[in-house]
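For reference, the structure is listed below as structure tokens.
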Amino acid sequence: MPGSARVGFVVSKAIGNAVARNRVKRRLRALVRDRLPEVDPQIDWVVRALPPAAATTDLADDLDSAWRRCEKRLRP
């Protein structure tokens, strides 16, 4: 989609095996998809999953917190 923000995901082997990494990526994609309409299309985002992401049940809260911190830093 032209004019929409781009988001990349970094999920290292420290997360776990391929099944665990793909599960984390799917969960993150679903969470980010809901936030894309609010994002400036000029900014490219990279979401890096840390090892505890595979076991956490509150991934949405963690992503929201990180997302807000990043947006706060980007505001002039």
Side-chain angles (χ1 to χ4, degrees):
M1 214 185 325
S4 64
R6 296 184 307 173
V7 181
F9 297 92
V10 177
V11 182
S12 74
K13 287 185 178 181
I15 297 289
N17 62 17
V19 173
R21 291 192 309 270
N22 287 328
R23 183 177 300 128
V24 169
K25 276 190 272 189
R26 282 193 307 270
R27 290 175 61 198
L28 286 171
R29 278 190 198 117
L31 293 169
V32 169
R33 190 175 299 126
D34 296 337
R35 290 159 182 79
L36 279 181
E38 306 161 6
V39 175
D40 181 3
Q42 301 293 325
I43 299 172
D44 294 336
W45 293 82
V46 176
V47 178
R48 178 177 174 238
L50 299 176
T56 188
T57 56
D58 58 349
L59 191 58
D61 293 337
D62 294 343
L63 181 65
D64 282 337
S65 173
W67 201 271
R68 280 192 301 273
R69 280 192 313 254
C70 289
E71 286 183 327
K72 190 188 239 184
R73 289 180 185 174
L74 290 172
R75 287 190 200 126

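Start at 1 with the first residue, then count along the sequence.
For the pair Ile15 and Leu50, the tightest heavy-atom approach, listed with the atom from each and the gap, is CD1-O, 3.0 Å. Closest of all the heavy-atom pairs between Val11 and Lys25 is CG2-CG, 3.4 Å. Between Ala54 and Val24, the shortest heavy-atom contact is CA-CG2, 3.7 Å. In plain terms, the two heavy atoms of Arg27 and Leu59 that are nearest each other are NH2-CB, 3.2 Å.
Atom CG of residue Leu63 and atom CG of residue Asp58 lie 11.0 Å apart, to the nearest 0.5 angstrom. Note: Gln42 CD to Arg6 CZ = 10.5 Å, rounded to the nearest 0.5 Å.
Under the 4.5 Å side-chain contact rule for hydrophobic residues, Leu28 and Leu36 share a cluster. By the criterion of side-chain heavy atoms lying less than 4.5 angstrom apart, applied directly or through intervening Ile, Leu, Val, Met, Phe, Trp or Tyr residues, Val10 is not grouped with Val19; the two fall into different hydrophobic clusters.
Under the 3.5 Å distance criterion, the side-chain polar atoms of Arg48 are left unmatched by any main-chain donor or acceptor of Phe9.
Counting heavy atoms from C-beta outward, Glu71 and Asp40 have side chains that stay 4.5 Å or more apart.
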